[in-house]
Amino acid sequence: VINDTMHFDLIIDCSGAPTEKEVYEGGKYTPSPLTTVNSVLLYQEQKEFTEEEGYTGTTFHSNGWMFTVPLRHREAYGYLYNSSITSKDQALKGLIGLVPQVDEGEVRNISWNSYYRNRIYEERVIYLGNRLYFFEPTNATPLHLYSVLLREITIRLEQLIEEQEQAVSHLNATYLSNMEQILDLIALNYSGGMEIPSPFWSLTSKRCKDHLSTSSYFRSWSRDYLTNEKARGFWAHDADLISQYLKGLNISITNIQENYMTDQKNNITFYNGPLPYFVINEPLSPREVQNVSLELEAIKASGGFQEPQ
């Protein structure tokens, strides 16, 4: 800073989550179109580490799920739930049911808005961390995302410093594509055979399956999966890891990929039989047109069109 004027080549902004007003009114962020969990009860139990407890854990419960992280001298628990469905008191009762030794006075409650920034790069500033996006803590997706994005940034660093339009557009487009695929991955995690009769799982599972039914990326991936009877990589995760997810979470792609998937908002009906077709009855936005174009290409590659009966 010289005479109150900033001089820099590139700034990386990791200054923390935006305010609620910034997310909903500022025009630089988009609220997540998918809502799963949005709150967590955190508790740390002071205990010595043992080799048998040296693994992170996930427990599914009627209000969402809980992570367990063993550390050297303590163990951390995170009871995740949706505050629109489950009250804090109900969540606390659920946490105590799973971890009876909880000291209620030591429990912290955190809630958040799910959002992503519309651009990762703007005017020689790159946004990362919670300043960039936050959906929920499943799968430690930010770690995988940053490995992807930092590679893209490093390759084009000089062009980004010079604000070359092609490099800037490519980075922002790559980032937005990753946002869509991460949302698909989160939705996939909640679409398994979790046979837990509860309002949370009934609503969230349906919500996530509806989200996947409108995703061009997921439709292409699932068609390939059903055709070859094995998983290929999903987003930044390789085939082996995704296969473990599908098995461990009891996710049936066949059940998700129902014959008819309807996007009620745009009145688009997709048919996933041998020769698929879809009908469009209303005008689409530029992004929706792009998604339909990708779908058309995939259908042509799979064997052509079939008219409705």
Side-chain angles (χ1 to χ4, degrees), residues 10-20 22-23 26 28-42 44 55-58 64-71 76-82 108 110-122 125-157 160 170-191 204 208 211-212 215 217-218 221 233-238 240-242 244-245 248-249:
L10 196 68
I11 290 177
I12 296 179
D13 185 345
C14 301
S15 56
T19 64
E20 185 172 349
E22 285 179 305
V23 171
K28 294 184 180 296
Y29 289 88
T30 297
S32 171
L34 180 67
T35 302
T36 52
V37 293
N38 63 5
S39 300
V40 62
L41 295 179
L42 296 172
Q44 296 191 55
Y55 301 92
T56 58
T58 301
W65 57 281
M66 181 177 74
F67 63 76
T68 306
V69 181
L71 303 171
Y77 301 91
Y79 187 97
L80 292 122
Y81 64 100
N82 187 314
R108 296 172 56 209
I110 299 174
S111 296
W112 61 84
N113 297 306
S114 298
Y115 60 87
Y116 63 93
R117 207 174 192 284
N118 298 332
R119 295 182 178 88
I120 184 176
Y121 177 102
E122 196 168 20
V125 178
I126 293 175
Y127 298 87
L128 293 175
N130 286 349
R131 196 66 183 169
L132 179 64
Y133 95 104
F134 186 79
F135 294 141
E136 64 146 276
T138 188
N139 292 340
T141 49
L143 298 177
H144 299 277
L145 173 66
Y146 300 142
S147 68
V148 172
L149 294 179
L150 289 176
R151 181 172 60 248
E152 295 289 335
I153 292 169
T154 302
I155 292 173
R156 297 170 178 81
L157 184 59
L160 293 171
H170 177 85
L171 179 60
N172 283 327
T174 299
Y175 155 68
L176 288 177
S177 177
N178 275 267
M179 289 294 97
E180 294 174 355
Q181 292 171 39
I182 288 174
L183 283 171
D184 286 355
L185 181 63
I186 291 173
L188 188 62
N189 275 266
Y190 288 89
S191 300
T204 304
C208 288
H211 174 88
L212 291 173
S215 166
Y217 178 81
F218 177 76
W221 181 89
F234 193 106
W235 179 52
H237 296 336
D238 62 27
D240 289 340
L241 182 55
I242 287 299
Q244 292 177 36
Y245 281 154
L249 297 175

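With hydrogens and angles left out, the side-chain atoms of S39 and S111 include a donor and acceptor closer than 3.5 Å.
Looking at N172, its side chain never comes within 3.5 Å of a backbone N or O of R119 through a donor-acceptor pair. Remark: the backbone N or O of T19 is paired with a side-chain donor or acceptor of E22 at under 3.5 angstrom. Side chain of W112 to backbone of F135: a donor-acceptor contact under 3.5 angstrom is found. No donor-acceptor pair under 3.5 Å is formed between the side chain of S177 and the backbone N or O of A173. Side-chain atoms of Y29 never come within 3.5 Å of backbone atoms of E20 as a donor-acceptor pair (strictly under, hydrogens ignored).
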Kindly indicate, with the supporting measurements, whether the criterion side-chain contact (heavy atoms from CB on, under 4.5 Å) is fulfilled by L185 and I242. CA-CA 10 Å; L185 181 63; I242 287 299; 4.1 Å; yes

Under the criterion side-chain contact (heavy atoms from CB on, under 4.5 Å), I'd like the reasoning laid out for I126 against D13: C-alpha separation, chi angles, the key distance, then a yes or no. CA-CA 6 Å; I126 293 175; D13 185 345; over 6 Å; no

Can you list the steps and then say if D184 with W235 is a side chain to side chain donor-acceptor pair (under 3.5 Å)? CA-CA 9 Å; D184 286 355; W235 179 52; over 6 Å; no

Criterion side-chain contact (heavy atoms from CB on, under 4.5 Å) on I182 and Y133, from CA distance to verdict: CA-CA 11 Å; I182 288 174; Y133 95 104; 4.0 Å; yes

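Nearest heavy atom pair, residue S32 against residue L183, reads OG-CD2, 3.6 Å. Between L42 and G78, the shortest heavy-atom contact is CD2-CA, 4.0 Å. In terms of heavy atoms, R117 sits closest to Y175 at O-OH, 2.6 Å.
In this structure, Y245 has its ring center under 6.0 Å from that of H237. Between Y127 and Y121, the ring centre distance reaches or exceeds 6.0 Å. You'll find the ring centres of Y79 and Y77 outside the 6.0 Å limit.
Counting non-hydrogen atoms of neighbouring residues, nucleotides and ligands closer than 6.0 angstrom, the CZ atom of R131 exceeds 12 such neighbours.
Residues satisfying the side chain to side chain contact (heavy atoms under 4.5 Å, CB included) test with I155, not counting sequence neighbours, are R151. Among residues two or more places apart in sequence or in another chain, the salt bridge (charged side-chain N to carboxylate O under 4.0 Å, His left out) test is passed with E152 by R156.
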